[in-house]
Structures are given as structure tokens and as C-alpha cells.
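Each chain gets a letter, A, B and so on, in the order the sequences are listed, and its residues count up from 1.
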Number of protein chains: 2
Amino acid sequence: MHPVLEILSQGEEIITGQTVDTNSAWLANQSVELGFHVSRHTAVGDNLADLIKVLTDISQRAACCICTGGLGPTCDDLTAEAVALAFGLPLLFDEEAFKHITHFYSLRNRRMPESNRKQAMLPTTSERLDNEWGTAPGFAVQVNQCWFVFLPGVPAEMRNIFLAHVKTKLEHRFPLHVKTLVTLRTFGIGESEIQQRLHAIQLPDDIQLGFRAAANEVQVKLVFPANSLPEYIHAYVALYTQELAEFVFAIDGLGQDTGDLFETINARMTQKNLSIAVIETLSQGLIASFCGRGDWLLDAHYHHSTKNLCTKLNVFFQTDNICLLAQDLALAFKPHTDAEIILIQLVIGTPEQKIDKHQLIDVHTMLLVTGNFYHHHKALAGDFKHKQHHAACLALDWLRRHI
Amino acid sequence: MHPVLEILSQGEEIITGQTVDTNSAWLANQSVELGFHVSRHTAVGDNLADLIKVLTDISQRAACCICTGGLGPTCDDLTAEAVALAFGLPLLFDEEAFKHITHFYSLRNRRMPESNRKQAMLPTTSERLDNEWGTAPGFAVQVNQCWFVFLPGVPAEMRNIFLAHVKTKLEHRFPLHVKTLVTLRTFGIGESEIQQRLHAIQLPDDIQLGFRAAANEVQVKLVFPANSLPEYIHAYVALYTQELAEFVFAIDGLGQDTGDLFETINARMTQKNLSIAVIETLSQGLIASFCGRGDWLLDAHYHHSTKNLCTKLNVFFQTDNICLLAQDLALAFKPHTDAEIILIQLVIGTPEQKIDKHQLIDVHTMLLVTGNFYHHHKALAGDFKHKQHHAACLALDWLRRHI
């Protein structure tokens, strides 16, 4: 049996709809993959009575509850107080927590405001969950039959604390029959096209197949029963990977996860000791920003006017053959950089096409790798932000396929 | 008083985190603007017992409840059945609803699957809510003190039915007094520092004060009672704005919202017909990408090596006075661009300081505006992504303060 888990979000911004609650979905996903049965999500505002009522009800319903929000330093952050009142666990000053908070400020050469002292007050018998990513420590406490985990509402802090401290505690505390989840991470192919490609594959009843569209990828999820043999798992993963071929940029769950599209590229560029220089148009700096912490991006340039760029690089500005223009620019740009790989991005379209969500715009990506040109182009839809983002991902995925 | 409203979402995809529940936030927003007090969001899966329990509880708590999901034709769509069982309102066949469904299919020259007949079964005494955008009709029913509204989970259908049929019914059924929400949007100051600055201001009991840390800003929220006089509102907004001075980049709720930090800058640059050229280091393309769809960013450059950049621009590379170096670079870069504003970003630190989340790195932002230099520097903490993002926001906020 799967232990019952509930998720509780707290905050006026959630309850009034100013913020979409993405924390609950993320936590639910993690919990299901760990082997819990998630039965309910609840969200309440910054109201002590509501909080106390919900916490009490959950403590009588669930085996585990993960809560987010309400741990900040301000007067409307009530979670710890609500726990204390609901379960008769008076708040105690936690030396370690306080050290963490003051350290957070001293590290930034800032004086800690008095109000932050409040964040070091934790309910009696609770276990502190250190937060290396912000000031609010999380905490966990057992009440009746339910183990409560309280995390900050800031998504980055919440996720980091969960992955660093909570996940393993859950695995130890609960009899979870952890299934094996293998995720094929793809870019450049839609969910329905993936389903068509995989349609032919016959899957045994004990393997669950799922799909998930995430930020810069579509994931194919294969859930294998607990204690499946590696051979069994690898056989089916290979079958699916074959069908999706070059669209698969990473496979998670087999022991060597490489991360998202950008982390995968970063790992490969670093490992192969390659370097690149980029000229962007539509993506307007986003390619460079996605290259991340690696030292392999040497130069990145954006020019509002491609004509000016051509003048600077002394390239004849002709738009009737954009592919050739990109090649000329790549060759002209090469002597100006120490990078061995050149990436040129060009667009054909009017300023309106760039920003009007009802119009398509054509984006060209040209790679120059060890003397060879690799050209790719696609018509992009959506508003400017969407086109900008899509163009940057396309360019980097095109790079991934040629290194 | 504001009538209490709750929101209920139903569906396995929500509860397991496969789908982020955007419906609840949208409905909460609409309800708050109408003058309801939204007290709780709940989500449950496709489980009859859970549904019946939640519906019963809500009928004893709230004056109104808006529910989404579970109205589809398949066996796991249980909402109508749950309502029938929870409140003893047997399902009846609704001629009109059935006409709508068959019409929907005939319009598309498709035969209606038998399973869709189920969608025409509505609880006794319920009021049908026509769905011109899909097959599942919504319905509303009064139970105890609570008016329940049931809508499909498909966001487009849900929104359309709400705006076309539900909104006006709510306005007629409930005595609603709409509050005024004014939001001061700040950058460059922490939540607790804001609290300290505002501490002195005495606030009447009928004004609610709230704080919210969002992506690139901290918001101060003032909620004024319905029918507050404009003078009353403006007086207190002015008081708070004065305290937070240059940190306030926008004020929402007074009639001319300008959007987030970047949209605010975009509006001002466009309106003043200004243009800018940027040289980035730590933010690595992110400044350019944040400049958005406006035509006022003319050139943006990133060089991995500041030394190379100096060589290119023929500037003496001296690191003992970074402020002077930034000035030299700005002056040397000016002739290479048509932009009137130059922004130079430089860092002092080792590659380790750039990526190590336990080390600080010093980022300098230098603006050249109509012959004047404006210099700003700050020590940034966190991992590379965090430092990169923070550096970009700092630079653009520095620009905002000088245009």
C-alpha cells in the first residue's frame, strides 16, 4: 500500500490567485515518484484560524503532509505559530537556525533586521531543515499519525531543501516500494508525434508509460515495478530511445543524469574542451545566458540591425539567400574570436512578425564546426518572449546535435 | 462583509502534479475582484468518497463554491454523481443539455459517442450552464447555505462559461463590496528592510498591509475598504511611496499599471525615445534578453575575457581601479554604436567566485548618459545562475533610476 500524503500551501498571493501555485504540482510529482498516494491539495491564506483548522484535520487524515509558505520574517507569516497553537508545541529559539540566518546576512555584508530573529523560532520537538539558499529554515514534526514537513514558499528554496534534506528522510520513514522511473528527455518533437512514433511498441502491463511537457523539453516516463531486473529495464529503454533517436538529449534514472538541455550541452562542451562564439538576433542574448557557468562561451553579440552587423564585418548584406549570408557572416566573424565553433542566428521577417503573436517568423541557425556548415531553419509562432525563448533553445539544441 | 468563497479542483492529473492547476488561480483572481473573500482552495483526485466528503464540508463552510473538472464523458468523471450522492439530488436527463452536445458533434460532422450521453445527466434542482465551447455543460445548485458552480476543467471552456454565464449570476446573488488593492512594486530592498522603513507609519484598522516577494521585486500591498475616497487612498499610498522612495519602480491599482521592472523600463525608454548599447560580463546576455521586444537596445556584447575586450577597444587593462576602467571602456565603446546610453558591467573576482555559491563576487555597473557617468557596485552571493540573474536586474534597475 502507498502511504497517504497531503500537500498544503499557504499565502494570500496563492489564495487570491496573484500567484499560480506551482509548488504543489512539483511536490505532488516528487511524492508520487517516491511511492506515496497523494490524496489532497489544500491552500489557505494568512489566517491563523484557517491554518489551525486545516493542520488539525490533516493530522487526522494523512500519514505525511508537506506544507509550503508562511515561514518568512513578516507579520503575515504565521505557519510556525499555527503549528504551535494547533498541536500545543510552543515555539523555541533555535541557536543553529539563528546562526544560519545571521550567517546569510554577514555573507552578504548586510546587517540582519531584528524581524528575521522570528525565523529561528521553531515548534517544540520539531526537527530543523537547514536552508542554504535563503533565510527561512524549514522544519519537520510528528503529530498524531502524521509527519509534517514545512518548507519556504519560494520555489527555488523549497525545491533545494526538499531534494537536499527531505527526500531521504521520507525514504527512511515510510515503507515505500520505490518503482524505477526512467525518463527520456527530448527536444524538438511534440507530445502527439512522440505518441505516434511509440505506438507500435508493445508494453507489458507492469510497465507504466507517461508523457510530460516541461519547460524546454517533452519527457517520456517509463515506470518499472519495484525490483525489476536491470536487463529488463535497459531492454525497454533502448527500444524507446531508438524510436526517438536524435530527439533524446538525456536519459534520467539509469544512474548518470546529465540534467536539462543546457546542462547536457555544458557537460559535453566542457568534457570535449570545445569553445564557441555566438551572434544572436531573435533570441537577443538568451543563447549566451543559457550557456551557463561553463568557460566555453568566449564571445556573444547582438545587433539590432543585421545590416550594421554586415557593415562591421564587411559582409555584403543580401537577404535573398539567408543561408549564404549566415555562412559569410560566420567566416567573416571567425578571425575575430578564439572560439573554434561559430553559431550565427538570423531571421527573415518584419518587426511586426517578431512581436505579433498571430504571425510566424523564420529563424535560421547556422553552425560552423571544423570547417563544416550545418544549417537549420524553422518558422516560430507566439509572442516575442515565446519566439525569443524558442529561438535560443533551437540554436543550442542544434549545437548539441553537432558536438 | 465579503461572502466566503472556496475553490475546488478535481482530477488525477492535478493531484499527481502532472498538471499545474492554473484554473484555481484564475478563478480566485476573478472572485477577489468581484468582492468575495476566498478562504480556501482544495484539489482531490477521481475518487468518489473524497469528492463527497469535500463537497459536504464546503457546503457547511462557504457561501459559494466554484468547482472545476470531472464533467467529462469518461468513467473517471465523477463530479455530477458525487453531487447527487452527497446532497441527495438524483441525476436527471436534461433535454437541452443533450441537444447542445449532439449539436456540438453535428457541427463538426462527427457522430456523438454513446458515452457523451452521460454529460446530459444533471443533479435535480440544478441550473444548467451552457457550454458553447465544448461538450460538457456546467451546472449550478444551491445546497444548504452554499451556492455551488460546476465548470469543466479545460481552461478555455471554464473561463468562457464563467465570463459568459457565471459572473453576472454571482453579482446578482451576492451583496459584493469591491475593495481597492494598491501595490507598490520595489526593487533593490529586502522584505524585512521594507518593514523597518514602514514601521513608523500608523495605519487605520480598515487598511490591510501585506508583503510579497516575487521574481524580480518585493511588493507592498495596501487593501482599502470598498468605497474609500480617492483622497484617502492617495494620501496613504503617497506616505508609503515616500518612505520607499527610489526603490519603487511602479505602483499598480491607481489606474495606470506599467507592469514588472522590465516592462516599466521598456515603456520609459520607448516613450522617451532613448536607445542603449550594453557590454555584459557576469550577467552573460541576460541584460539584453530582459530588454524585451522594444527597439531601444541597439547592441549587446559579452566577452569571456575582459582583457580581450580591452585589447579590441584599445583600452589600457588596469584592474586596480575598476570604476575608471569601466569609464574608459564606455568612452571607447561609444563611437562603435549609435546608442546614446552606454551600460558597462564589470566584475572583480576569480572564476571560482563567479560559480561558488559560498563566495561573493563584486559587480560594477557603469552608465554613460548624456556625458555623465553613474557608477554602482554590489557584492553578489549565490550560485552562478543566481549571481547572473541578480547582476542583470541590478544593471537594468540602475538604468531605470537614470532615465
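If you measure heavy-atom distances from W26(A) to chain B, you find no contacts under 4.5 Å at all. If you measure heavy-atom distances from N308(B) to chain A, the contacts under 4.5 Å come from the side chain alone. Using a 4.5 Å cut-off between heavy atoms, H389(B) does not touch chain A at all. The contact between N116(A) and chain B is made entirely by side chain atoms (from C-beta outward), counting heavy-atom distances below 4.5 Å. Contact of V38(A) with chain B is made through backbone and side chain together, with heavy-atom distances under 4.5 Å. Interface remark: T19(A) contributes backbone and side-chain atoms alike to the contact with chain B (heavy atom separation under 4.5 Å). Contact annotation for S115(A): only side-chain heavy atoms (C-beta onward) come within less than 4.5 Å of a heavy atom of chain B. Neither the backbone nor the side chain of I279(B) comes within contact range of chain A; no heavy atom of the residue lies under 4.5 Å from a heavy atom of that chain. When heavy atoms are compared at a cutoff of 4.5 Å, Y302(B) approaches chain A by way of both its backbone and its side chain. Both the backbone and the side chain of Q18(B) come within contact range of chain A, with heavy atoms under 4.5 Å apart. Only the side chain of K53(A) has a heavy atom closer than 4.5 Å to any heavy atom of chain B.
The side-chain heavy atoms of R40(A) and D50(B), taken from C-beta on, include no pair separated by under 4.5 Å. Counting heavy atoms from C-beta outward, E193(B) and R110(A) have side chains that approach closer than 4.5 Å. At a threshold of 4.5 Å between non-hydrogen side-chain atoms, the residues K312(A) and D299(B) count as touching. For the pair W133(A)/H386(B), no side-chain contact is recorded, criterion being any heavy-atom separation below 4.5 Å from C-beta on. The closest side-chain heavy-atom distance from Y105(A) to S192(B) is below 4.5 Å.
To the nearest 0.5 Å, the span separating CG on D295(B) from CD1 on I355(A) amounts to 7.5 Å. Atoms NE2 and CG, on H37(B) and N47(A) in that order, are 6.0 Å from each other to the nearest 0.5 Å. Separating the CD1 atom in I15(A) from the CD atom in E6(B) is a distance of 8.5 Å, to the nearest 0.5 Å. Annotation: the span from L286(A) atom CG to Q284(B) atom CD amounts to 11.5 Å, rounded to 0.5 Å. Rounding to the nearest 0.5 Å places NE2 of H41(A) at 13.5 Å from NE2 of H41(B).
For the set A381(B), G292(B), S9(B), the entry with the most heavy-atom pairs within less than 4.5 Å of chain A is G292(B). Highest contact tally toward chain B, considering only D76(A), T22(A), T135(A), T16(A), is held by T16(A) [criterion: heavy-atom pairs under 4.5 Å].
Few gaps surround CZ on R108(A); more than 12 heavy atoms of other groups in view lie less than 6.0 Å from it. Enclosure of atom NZ in K385(B) is not indicated, since only 12 or fewer non-hydrogen atoms of other residues, nucleotides or ligands lie within 6.0 angstrom. The environment of R61(A) atom CZ is dense: over 12 non-hydrogen atoms of other residues, nucleotides or ligands sit within 6.0 angstrom.
Looking only at distances, a side-chain donor or acceptor of Q388(B) sits under 3.5 Å from a matching main-chain atom of S289(A).
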### Message
Between H301(B) and H303(A), is the ring pair (Phe, Tyr, Trp, His ring centres under 6.0 Å) condition met? List the steps.
### Response
CA-CA 9 Å; H301(B) 302 273; H303(A) 293 274; 5.3 Å; yes
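Of the charged side-chain nitrogens involved, none lies within less than 4.0 Å of a carboxylate oxygen, so that K221(B) and E12(A) do not count as a salt-bridged pair.
Nearest heavy-atom pair, V20(B) versus D21(A), reported as atom, atom and distance to 0.1 Å: CG1-O, 4.1 Å. Of all heavy-atom pairs spanning H304(B) and L297(A), the tightest one is CB-O, 3.4 Å. Closest of all the heavy-atom pairs between L107(A) and L360(B) is O-CD1, 2.7 Å.
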